[in-house]
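Here is the structure we will look at, set down as structure tokens.
Basis for what follows: all heavy atoms, side chains included, without hydrogens, waters or symmetry-related copies. A, B, ... follow the sequence lines: proteins, then strands. Residue 1 opens every chain.
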Protein chains: 2
Amino acid sequence: MEYVEAKEKFISTWGSLGTLWGINKAMAQIQALLFISTKPLSMEDIMEELKISRGNTSMNLRQLIDWGIVTKVLVSGERKEFFTTEKDVQELARTIAKERSRREIKPVIKVLEEVSSIKDDGTEKTKELIKQTKALRELTDDLDALMNKLVNQKQNWLTKSVIKLMK
Amino acid sequence: MEYVEAKEKFISTWGSLGTLWGINKAMAQIQALLFISTKPLSMEDIMEELKISRGNTSMNLRQLIDWGIVTKVLVSGERKEFFTTEKDVQELARTIAKERSRREIKPVIKVLEEVSSIKDDGTEKTKELIKQTKALRELTDDLDALMNKLVNQKQNWLTKSVIKLMK
DNA sequence: ATAAACTTTCAATAATTATTGAAAGTTTAA
DNA sequence: TTAAACTTTCAATAATTATTGAAAGTTTAT
């Protein structure tokens, strides 16, 4: 496999994987492109490489910046903006995990709390609703805590965690 | 909040959360409905409660069965099929984690392996592609291993894991 | 103040994904 | 074997989501 084929394969796989971490295809592809680029890219560069429109590029870049995954960089002598992504995979994973917790998991926990704390009217179905949503809330809470725990340990958090859990 | 409102809120929240664990809305809603039901439900019951068509119900139930989350149950004296879902949240989480690993994470690891093992032609961009996809492969591998580790400990895996990681 | 260089916005459109419903298929009972 | 009871399939359609492109907006240089 040659460079160009490998690059395209990586970008498209990472793009379709976007859903796994909750973002759209173009967003994931832009991030992938920046991730393997040796230098910051302009909007023009990105449009050309991925064959997507200016509007699409602009919107998705802004979202990536909003997620804290991409940053603008100033290239001296150049008027247009250039962009780069976090290059350290562990830092990247940390950022994504935190954002997903904030955007998706926390709101769900809130709903589960509301639902699980309705008045028990003594009927079987109400008891079941309360019991099951409470269990789900506890699980979600624990998973979220675990994820944040993992992700907040700086340096080699993954390796360390794996070792701890092996014992 | 009354029972009916709470139930609807739970089903719709869980439904829209479907994307987080990679399944569609109807599938997630059917699972949610079964999860808080005190007894197995028939296709008719599900169609009526969720106001979805027979075809949709049939297809999504099959998918849930395929995921190993829902099972058919025989109700004596009844000709039609009834369905129930895994009621234990920890077991449910275990099943989902395993399926996602198998369906999504493993195939991505494979692609990352292929891409990261292309021939190093000495150019900077090739070196960067290899380096970054290798790092991503290691991270993905580790996360997958960690997840499987967590999920394979029977009884109270989550609590135990949280405790271990706190140390 | 003007204009060139660049970015953002957003209504229109395209692409994708989910849903319907009716016909075909299957199982069971008599 | 027939027919009723039930489930599955799948082409058509609806709903949702992503993308375009051109007009409007912004910034910078002169």
Between [N] ([atom2]) and [X] ([atom1]): distance, integer Å:
{"X": "B:Lys51", "N": "C:dA18", "atom1": "NZ", "atom2": "C1'", "value": "19 Å"}
{"X": "A:Glu44", "N": "D:dG21", "atom1": "CD", "atom2": "C1'", "value": "14 Å"}
{"X": "B:Lys72", "N": "D:dC6", "atom1": "NZ", "atom2": "P", "value": "14 Å"}
{"X": "B:Ile23", "N": "C:dT17", "atom1": "CD1", "atom2": "P", "value": "16 Å"}
{"X": "A:Met59", "N": "C:dA11", "atom1": "CE", "atom2": "P", "value": "11 Å"}
{"X": "B:Met47", "N": "C:dA18", "atom1": "CE", "atom2": "P", "value": "20 Å"}
{"X": "A:Leu61", "N": "C:dC6", "atom1": "CG", "atom2": "P", "value": "16 Å"}
{"X": "A:Asp66", "N": "C:dT8", "atom1": "CG", "atom2": "P", "value": "13 Å"}

Considering every strand and a 4.0 Å limit on heavy-atom distances, what is the contact class for A:Asn56: base, sugar-phosphate, or nothing?
base
Would you mind checking if [Y] and [X] are paired as a salt bridge, meaning a charged N to carboxylate O distance below 4.0 Å?
{"X": "B:Glu99", "Y": "B:Arg102", "value": "yes"}
{"X": "B:Arg137", "Y": "B:Asp141", "value": "yes"}
{"X": "A:Lys87", "Y": "B:Glu128", "value": "yes"}
{"X": "A:Lys9", "Y": "B:Glu114", "value": "yes"}
{"X": "B:Lys131", "Y": "B:Asp120", "value": "no"}

Residue matched to [N] through Watson-Crick or wobble contacts both under 3.5 angstrom:
{"N": "C:dA29", "result": "D:dT2"}
{"N": "D:dT16", "result": "C:dA15"}
{"N": "D:dA23", "result": "C:dT8"}

Measure distances between side-chain N and O atoms of B:Arg54 and base N and O atoms of D:dT7, and say whether any donor-acceptor pair falls under 3.5 Å.
no
Taking atom types as they are modelled, would you say the side chain of A:Arg62 forms a donor-acceptor pair with the base of C:dT8 within the 3.5 Å cutoff?
no
Return the nearest nucleotide to the side chain of [X]; candidates are [options].
{"X": "B:Met43", "options": "C:dC6, D:dT7, C:dT28", "result": "D:dT7"}
{"X": "B:Lys80", "options": "D:dT9, D:dC6, C:dT7", "result": "D:dC6"}
{"X": "A:Arg79", "options": "C:dT19, C:dA5, C:dT20", "result": "C:dA5"}
{"X": "A:Ser53", "options": "D:dA18, C:dT19, D:dT20", "result": "D:dT20"}

Of B:Lys25 and A:Asn60, whose nearest nucleotide on DNA chain D comes first from the 5' end?
B:Lys25
Taking for each residue the nucleotide of DNA chain C with the nearest heavy atom, is it B:Asn24 or A:Glu81 whose nucleotide lies nearer the 5' end?
A:Glu81
